[in-house]
Amino acid sequence: PLVGFLYFFIAPHLPEAVIEAYHSCYQNFITAPLFVTSLIPLSLGDLLYTASVIWLLRDGVYALIRKRKLSRFKLLKRLALIVSIFYLCWGANYFRKSLYQRLHYKGQTETPALALALYDYILRQAESKRRQIDTFRFNPKNIRSANEKIQEAYERLPEPLREGTVPLFVKPSLYSGLISYTGISGYFNPFTFEAQADANIPVVQLPFTLCHEAAHQYGVAPEDEANF
């Protein structure tokens, strides 16, 4: 845990090459675990969360029955271990340079005319895609079909964005009925590298949600960049 905490404080100050090497290692490393978890229909990450909650409740009940105080050092040690694993497995992707810096993007000054031009472009794209619906074969309710389409889309990314080949796979969440009340449409588990989506969200939101969670699986940490 101490090594993990030291890494957390040191990583933001490491040379860019070191962070990029970590990102490259991450993409190469997760290929095997993702292949294994993709063969299992259930979310192992959700089962891990459930087991963790039961474990914590057991310790709490045990302490109440025995009238013992939970050791603060023990709790901090567990927390440190979890944080360490998080950053070593996936969290260090947060320390990469932002996407616009990596793409050397030079932004334009925002003006009403520029905003209107963007809205007009999006509207025309939406109208164009709407005319293709009758021949569109993708069934968003079919998760496996959706994953195949997502994989194809990520493999067609232009070179600056396509950083490797990761077997992307999003699963329905075991907590879909519960998280529907929270407004959470999907989440990524950095410990099992699984991406989950709420199976009860409106169909129109499903493709975007799946692609967003797949971006986290791809190694994109910030939410805005995953949206992009």
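Below, each value reflects all heavy atoms present in this structure, side chains not excepted, and no hydrogens, waters or symmetry copies.
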Handout entry: Within 6.0 Å of CZ in F35, more than 12 heavy atoms from elsewhere
Key =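 No.
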Practice task
Count the heavy atoms belonging to other residues, nucleotides or ligands that lie under 6.0 Å from OH of Y94, then report whether that count exceeds 12.
Solution key: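 Yes, OH of Y94 has more than 12 neighbouring heavy atoms, counting only those of other groups under 6.0 Å.
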Is [Y] reachable from [X] through a run of hydrophobic residues whose side-chain heavy atoms are each under 4.5 Å from the next?
X	Y	value
L48	I40	no
F29	F191	yes
V83	F193	yes
L103	F95	yes
F169	L206	no

Should the ring pair [X] and [Y] be called parallel, tilted or perpendicular, given that the plane angle runs from 0 to 90° and is split at 30 and 60?
X	Y	result
Y22	Y26	parallel
Y187	Y49	tilted
F188	W90	tilted

When rounded to the nearest 0.5 angstrom, what is the spacing between [atom1] in [X] and [atom2] in [Y]?
X	Y	atom1	atom2	answer
L47	S52	CG	OG	10.5 Å
S43	N189	OG	CG	6.5 Å
Q217	E194	CD	CD	8.5 Å
S185	I201	OG	CD1	5.5 Å
T192	L34	OG1	CG	9.0 Å
T209	I184	OG1	CD1	12.0 Å

Any donor and acceptor pair, going by atom type alone, linking the side chain of [X] with main-chain N or O of [Y] inside 3.5 Å?
X	Y	result
N93	V220	no
Y154	A215	yes
K171	L42	yes
D46	L174	yes

Exercise for the section: Under the side-chain contact (heavy atoms from CB on, under 4.5 Å) rule, what do L161 and L99 come out as? Steps first, then yes or no, please. Expected result: CA-CA 9 Å; L161 298 176; L99 184 60; 3.7 Å; yes
Can you find a heavy atom in the side chain of [X] that is under 4.5 Å from one in the side chain of [Y]?
X	Y	value
R156	R162	no
K97	E20	no
Q205	F208	no

Closest non-hydrogen atom pair between [X] and [Y], with its separation:
X	Y	answer
L210	A146	CD1-CB, 3.4 Å
Q151	V166	NE2-O, 3.0 Å
A199	S176	N-OG, 3.0 Å
A92	I19	O-CG2, 4.2 Å
C89	P190	CB-O, 3.6 Å
E213	Q196	CG-O, 3.7 Å

Practice task
Among Q101, E225, H23, find the one that has a side-chain hydrogen bond (donor to acceptor under 3.5 Å, both in side chains) with R96.
Solution key: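 By the side-chain hydrogen bond (donor to acceptor under 3.5 Å, both in side chains) criterion, R96 pairs with just one of Q101, E225, H23: H23.
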Handout entry: Test applied, side-chain hydrogen bond (donor to acceptor under 3.5 Å, both in side chains); reference residue, Y175; option that passes from D198, T182, T50
Key =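 Exactly one option meets the side-chain hydrogen bond (donor to acceptor under 3.5 Å, both in side chains) with Y175, and it is T50.
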